[in-house]
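What follows is one structure encoded as structure tokens, with my remarks underneath.
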2 protein chains.
Amino acid sequence: MVDPASLYERFSALGAMSRRTFADFLALGEEKRIAKHAFWSQPGEKVRHFALVLEGLVRHYYVDPKGRESVKAFRGPGEFSAPYAEIIQRKPSRTFIQALADTTLLTFDVDVFEEMASRSLEVQRLARRFVELHFVGKEQREYEFLQLSAEERYQKFCAERPEHLNQIPQHQVASYIGITPVALSRIRARVVKKQKMR
Amino acid sequence: MVDPASLYERFSALGAMSRRTFADFLALGEEKRIAKHAFWSQPGEKVRHFALVLEGLVRHYYVDPKGRESVKAFRGPGEFSAPYAEIIQRKPSRTFIQALADTTLLTFDVDVFEEMASRSLEVQRLARRFVELHFVGKEQREYEFLQLSAEERYQKFCAERPEHLNQIPQHQVASYIGITPVALSRIRARVVKKQKMR
DNA sequence: GCGCCGCGTTATCCCGGGTTAAGAAGCGCA
DNA sequence: TGCGCTTCTTAACCCGGGATAACGCGGCGC
């Protein structure tokens, strides 16, 4: 369980922003509990909320016309969870967001937040900071697909989310790194073998 | 050659922004000409500028420790060109930006722009809008790596940048879609064969 | 003109990962 | 306890793309 106020430093990096403003922002949020396996956002709906994960774990994924799932992201405490691209484009959502464990969110109404941002330069800057962090994350991911092998992507994933490794089913990890569950299983077998050789 | 003022609609989508503010922003820019094959931004430097492409074409790429190049993006008239992730993170640049044709840029000093944004909610919103569009682009790219085959990615690329296809060397296209030049050559041969069958 | 070089193509060989199918292990639930 | 489900693994086979090398071609400098 994270204390939302502890996130102040991370988001204020763009320039001076008062704790007061940040607290005002946090005050907009409503706590919401999601049971394991339940969805808090689904395709088709107009997206009305974004959320900060306080506790638990969620995954973002979409399903293509042929029914194949692709996991876009996992998000744990202190991270944002929302169909961000769709909010930006004001389009109906195409992504599922599902809890992988009992999860507590702090949810924000997009319109209410936007209204606040339209009146405050600091909140506008906060909004900008949110997107910037998301952007850097995606660019990182692009790098991984361009320059790393599946095995390297897997090891990177393990290093990044050690605390979640046992909460996430293997086939979802596979989907996240862009391979099939069978291929991931083989990679894991390879990795174990290499470790034994030392 | 694009008229920068014509971009007003694209960037004002987030909320009301006056043409006046947008013009003030544009007034910060300085025109800069880059000869074909020259670089306008290179790794190692502290990043001081971002730019709008007025005419021509550039590519963004990085080189890994083993010397392998990966193309992150091509940018033509009306699009932004900058090591954006590094600006956001205030880190020295890791990316090369090279002109693929004689190119005219409208360059902006990051600090000057930031100063302007710190005084104007509308400019702050504009800055936010810039990042949002970049974010959506990266998410699109993530989708392509997760769900499309190399051949599909190639055809998508052809559809997206028909006007640049003959300006961009094949091996750079290959790098952009995440395969080797040899593989792209085979794919092209396959595609031609399929077209003949009709 | 000649030679050189960068670029794209093609062939060969190999390997990683996709596909399919079968089986093992864990777990909730009747 | 036994059933069924999901998750993970393993094996067989196939195919796309990586690596390397040879060749052709056009551009360019000499």
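Just so it is clear: chains get the letters A, B, ... in the order the sequence lines come, proteins before strands, and each one is counted from 1.
If you walk DNA chain D from 5' to 3' and mark each nucleotide with an atom closer than 4.0 Å to a heavy atom of chain B, the marks span D:dG17 to D:dT20.
A:Glu79 places a side-chain N or O within 3.5 Å of a backbone atom of A:Gly76 that can act as its donor or acceptor partner.
A search for side chain to side chain contact (heavy atoms under 4.5 Å, CB included) contacts involving A:Arg141 returns A:Phe145, A:Tyr176, B:Glu142, B:Leu146, not counting sequence neighbours. Residues forming a salt bridge (Lys or Arg N to Asp or Glu O under 4.0 Å) with B:Glu115 (at least two apart in sequence, or on another chain): B:Arg119. Under the salt bridge (Lys or Arg N to Asp or Glu O under 4.0 Å) criterion, A:Asp102 pairs with no residue, sequence neighbours left out. Every residue was checked against the side chain to side chain contact (heavy atoms under 4.5 Å, CB included) condition with B:Ser185, not counting sequence neighbours, and none meets it. Residues passing the side chain to side chain contact (heavy atoms under 4.5 Å, CB included) test with B:Ala51 are B:Trp40, B:Leu105, B:Thr107, sequence neighbours excluded.
In this structure the side chain of A:Phe50 reaches within 4.5 angstrom of the side chain of A:Ile87, judged on heavy atoms. Contact check for B:Tyr154 versus B:Leu184: side-chain heavy atoms found under the 4.5 Å cut-off.
For NZ of A:Lys91, the number of neighbouring non-hydrogen atoms (other residues, nucleotides, ligands) closer than 6.0 Å is 12 at most.
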Run the side-chain donor-acceptor check on residues 30-38 of chain A: report pairs under 3.5 Å with partners two or more places apart or on a different chain.
unit_1: A:Arg33; atom_1: NH1; unit_2: A:Thr104; atom_2: OG1; d: 3.4

Below 3.5 Å, can you tabulate the donor-acceptor pairs from side chains in residues 164-173 of chain B to any protein atom, sequence neighbours excluded?
unit_1: B:His164; atom_1: ND1; unit_2: B:Arg161; atom_2: NH1; d: 3.4
unit_1: B:Gln170; atom_1: OE1; unit_2: B:Arg188; atom_2: NE; d: 3.1
unit_1: B:Gln170; atom_1: OE1; unit_2: B:Arg188; atom_2: NH2; d: 3.3

Reading nucleotides 22-30 of chain C from 5' to 3' and marking B where a protein heavy atom lies under 4.0 Å of the base, S where only the sugar-phosphate is that close, and - otherwise, the string is ---------
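Residue-level contact check: A:Ser185 touches the bases, meaning some heavy atom is under 4.0 Å from a base atom.
At a cut-off of 3.5 Å, with distance as the only test, a side-chain donor of B:Arg128 or A:Gln124 sits close to an acceptor on the other residue.
Every pair passing side chain to side chain donor-acceptor pair (under 3.5 Å) that includes a residue from residues 54-63 of chain A is listed here, sequence neighbours excluded: A:Arg59-A:Glu69, A:Arg59-A:Gln98, A:His60-A:Ser81.
Protein atom CD1 of B:Ile179 is 16 Å distant from nucleotide atom P of C:dG17, rounded to whole Å. For A:Arg68 and C:dG18, the CZ to C1' distance is 11 Å, given to the nearest whole Å.
Contacts between residues 141-177 of chain B and DNA chain D, defined by a heavy-atom separation below 4.0 Å, involve B:Ala150, listed by number.
For C:dG8, the base has no donor-acceptor partner in the side chain of B:Arg186 [N/O atoms by modelled type, under 3.5 angstrom].
Axis angle across the helix from C:dG1-D:dC30 to C:dA30-D:dT1, with five pairs used at each end and values rounded to 10°: 30°.
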